[in-house]
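What you see is a predicted model; the values in this text were computed from it and never measured.
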Amino acid sequence: MNAQKIYEVFARKSHEEPLLHVGSVNAPNDELARVYAWTAYDEEKWVEMCVVFRQHVIPVLNATTQPIWGN
């Protein structure tokens, strides 16, 4: 069984808006992360949605004193 990884989900409602962080999903791989993100956050009419493996996010501020993410 594959270990679950945390992915951050970003989306936008129009091409003019910036990508917004809308939540996170746990998935064993990138493909399932895409499916889980869509099913969990499909209540809006997004023009774009993407997932980022949390370990690939590069913090700019010191994240050791205050965590960036809730889980």
Side-chain angles (χ1 to χ4, degrees):
M1 178 154 168
N2 291 339
Q4 296 286 305
K5 300 185 278 188
I6 301 173
Y7 291 82
E8 300 304 331
V9 183
F10 298 86
R12 71 175 97 217
K13 293 181 186 178
S14 73
H15 295 287
E16 297 76 32
E17 292 183 5
L19 279 171
L20 299 175
H21 181 254
V22 296
S24 60
V25 294
N26 296 317
N29 58 54
D30 295 352
E31 197 58 39
L32 281 176
R34 294 171 70 190
V35 173
Y36 295 168
W38 180 250
T39 57
Y41 300 104
D42 70 342
E43 71 278 358
E44 301 287 345
K45 292 189 179 212
W46 307 111
V47 297
E48 182 178 5
M49 180 183 285
C50 58
V51 293
V52 178
F53 182 39
R54 184 181 284 178
Q55 288 186 331
H56 291 168
V57 175
I58 301 168
V60 175
L61 300 176
N62 186 353
T64 59
T65 57
Q66 185 165 354
I68 297 173
W69 315 107
N71 55 353

Exercise for review: Answer whether the closest heavy-atom distance between the side chains of V9 and V25 falls below 4.5 Å.
Suggested key: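 Side-chain contact under 4.5 Å: yes.
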**Study point:** Contact summary for K5 and P28, nearest pair of heavy atoms
**Key:**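 Nearest heavy atoms, K5 then P28: CE-O, 3.5 Å.
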Check your understanding: How close do S24 and E8 get, heavy atom to heavy atom, and via which atoms?
Key -> CB-OE1, 3.4 Å
Review point. Just one of H15, K13, R12 clears the side-chain hydrogen bond (donor to acceptor under 3.5 Å, both in side chains) bar with E48, so which one?
Key: R12
**Study point:** Set of side-chain contact (heavy atoms from CB on, under 4.5 Å) partners for E31, sequence neighbours left out
**Key:** N29, R34
Point to revise | Between CG on residue N26 and CG on residue L32, distance to nearest 0.5 Å | key: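 Result: 12.0 Å between the selected atoms.
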Revision key, fill the gap. To the nearest 0.5 Å, atom CE of M49 lies from atom CG of D42 at 7.5 Å
Check your understanding: Side-chain heavy atoms under 4.5 angstrom apart, residues restricted to Ile, Leu, Val, Met, Phe, Trp, Tyr: same cluster for V47 and L19?
Key -> no
Check your understanding: Do V52 and F10 pass the side-chain contact (heavy atoms from CB on, under 4.5 Å) test, and can you show the C-alpha distance, the side-chain angles, and the key distance before you say yes or no?
Key -> CA-CA 8 Å; V52 178; F10 298 86; 4.0 Å; yes
Practice item. Output every pair passing ring-ring contact (aromatic ring centres under 6.0 Å, His included) with a member in residues 33-55, not counting sequence neighbours, ordered by first then second residue. Key: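 Every ring-ring contact (aromatic ring centres under 6.0 Å, His included) pair that includes a residue of residues 33-55, provided the two are not neighbours, is Y7-F53, F53-H56.
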Practice item. Please check if atom CD in Q55 has more than 12 non-hydrogen atoms from other residues, nucleotides or ligands closer than 6.0 Å. Key: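 Counting neighbours around CD of Q55, 12 or fewer heavy atoms of other residues, nucleotides or ligands fall under 6.0 Å, so no.
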